[in-house]
Number of protein chains: 2
Amino acid sequence: MENSGTTGEQIRLQQMLCFALYGAAHAFSRAYKPRLEPLGLTYPQYLVMVSLWEKDGQPVKALGAALGLDSGTLSPLLKRLEQAGLLARTRAKADERQVHITLTEKGRQLQSEAAGITPLMLSATGCGLEEVADLRDRLQDLKDNLVRAGDASAAEHG
Amino acid sequence: MENSGTTGEQIRLQQMLCFALYGAAHAFSRAYKPRLEPLGLTYPQYLVMVSLWEKDGQPVKALGAALGLDSGTLSPLLKRLEQAGLLARTRAKADERQVHITLTEKGRQLQSEAAGITPLMLSATGCGLEEVADLRDRLQDLKDNLVRAGDASAAEHG
DNA sequence: TGCAATTCAATTGCGCGCAATATAATTAGA
DNA sequence: TCTAATTATATTGCGCGCAATTGAATTGCA
């Protein structure tokens, strides 16, 4: 378990990895907030924009796979970014089920406005580059393990 | 910043610590879900119960401080747990502004039903005990740094 | 003592995050 | 070819998470 104590011990919030993760994730979101507010973005919207700056023209499905989100989350979020004039949603001609997300000029320009955020956030972590990279890699492995464990137990039970 | 690349490089989602954290936190919540469903708890509700199992009779304020949540989140959540018969909310006689949260017998009994979850989650992480403890401590430090940075910049700007 | 400032909890409003469902387009198979 | 299954996206409903506001109780200070 995530409780690193002996079997039978009382679980303590402060001992739980999941709670440390929960708190750190929220802390990140709160730390980003005042930096993203001038850009008119929420933190999840910022992650979507980062994904689009990296690869423009993705269909919703691919964006969802990159971000780990489904259409129930992305559809309304993308609608808000479209309303804000940052992107366009266009039905693919080849397959009309797909909607491709394309940045507008305004959406592309936002990248340079956001460029200053990353160094500010790095300094807010109080960590060095290798420390950040190491933590990131550990968290990616942890996530992969949790997902795999979920898949395995789902497979067992039908 | 959290991007460990050279200055001026394109930010990539997969390089960002904040995104790894975001994904791992969601993965934890998803992994807990099938284990908590039989108990009728959501993941945040489970964290509240863990806090109450550890220390019963806390006022809402103290619970919020322990969990990093405010009354806007806790009030409705606690109301649901009360409806489920797991806890009671009682106005403190000494200070009628405070509401103390006390577990019911059913709420206390749920602890033993939940006892099996922790070892299952530990194995789902695919990590050893020291690895889990180390990651937890790093995340707690990271959170503290992010909170401090936020406090500092808030103090600067009034 | 009396009144302003503070504190605690609840409420409102909005944006995720996700399960479940709906709808439309495409593919696969009899 | 005609239909059943699958796929992509959107919608609905509910529970967080948080800012802003409200209302009531308490504290502090003149």
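Only heavy atoms go into these numbers, but all of them, side chains included; no hydrogens, no water, no symmetry mates. Keep in mind that what you see is a predicted model, and the values were worked out from it rather than measured. Letters A, B, ... are given to chains in the order of the sequence lines, protein chains preceding strands, and every chain is numbered from 1.
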My understanding is that only residues two or more places apart in sequence, or in another chain, count here; which of them pass side chain to side chain donor-acceptor pair (under 3.5 Å) with Gln140(A)?
none
To the nearest angstrom, the CD-C1' distance between Gln98(B) and dT7(C) comes to 9 Å
Counting any heavy atom closer than 4.0 Å, what does Thr73(B) reach on the DNA or RNA strands: base, sugar-phosphate only, or nothing?
base
Who passes side chain to side chain donor-acceptor pair (under 3.5 Å) against Asp56(A), sequence neighbours left out?
none
What's the CZ-P distance between Arg91(A) and dT23(C), to the nearest Å?
15 Å
Begin from the C-alpha positions of Gln14(A) and Glu54(B) and carry the test side-chain hydrogen bond (donor to acceptor under 3.5 Å, both in side chains) through to its verdict.
CA-CA 10 Å; Gln14(A) 294 303 325; Glu54(B) 190 176 339; over 6 Å; no
Lys79(B) side-chain N/O to dT11(C) phosphate OP1/OP2 under 4.0 Å
yes
Between Ala62(A) and Gly68(B), the residue closer to the 5' end of DNA chain D by nearest nucleotide is Ala62(A)
Let me know, please, whether Ala94(A) or Pro76(A) comes out on the 5' side of the other along DNA chain C by nearest nucleotide.
Pro76(A)
In whole angstrom, give the distance that lies between atom CG of Leu74(B) and atom P of dT11(C).
13 Å
Grab the NZ-P distance between Lys93(A) and dA25(C) for me, whole Å please.
17 Å
Here's a test for you: under side-chain contact (heavy atoms from CB on, under 4.5 Å), which of Leu87(A), Leu81(A), Leu86(A), Thr102(A) qualifies with Leu52(A)?
Leu87(A)
Taking CG from Asp70(B) and C1' from dT12(C), how many angstroms apart are they, rounded to a whole number?
13 Å
Just how far, in rounded Å, is P of dA10(C) from NE2 of His100(B)?
12 Å
On a heavy-atom basis, which atom in Lys106(B) and which in Ala84(B) lie closest, and how many Å separate them?
NZ-O, 3.0 Å
Which residue lies more 5' along DNA chain C, comparing Gln45(A) with Ala92(A) via nearest heavy atoms:
Gln45(A)
Check this one for me: any side-chain N or O of Arg97(B) less than 4.0 Å away from OP1 or OP2 of dA10(C)?
no
Parallel, tilted or perpendicular: which one describes the rings of Tyr43(A) and Tyr46(A), with boundaries at 30° and 60°?
parallel
Is there a donor and acceptor pair, one atom on the side chain of Ser75(B) and one on the base of dA9(C), closer than 3.5 Å?
no
So for atom CD, which belongs to Glu105(A), do other residues, nucleotides or ligands contribute more than 12 heavy atoms lying within a distance under 6.0 Å?
yes
Contact class for Gly64(B) (heavy atom, under 4.0 Å): base, sugar-phosphate, or nothing?
nothing
Under a 4.0 Å heavy-atom criterion, DNA chain D is touched by chain B from dG15(D) to dT26(D)
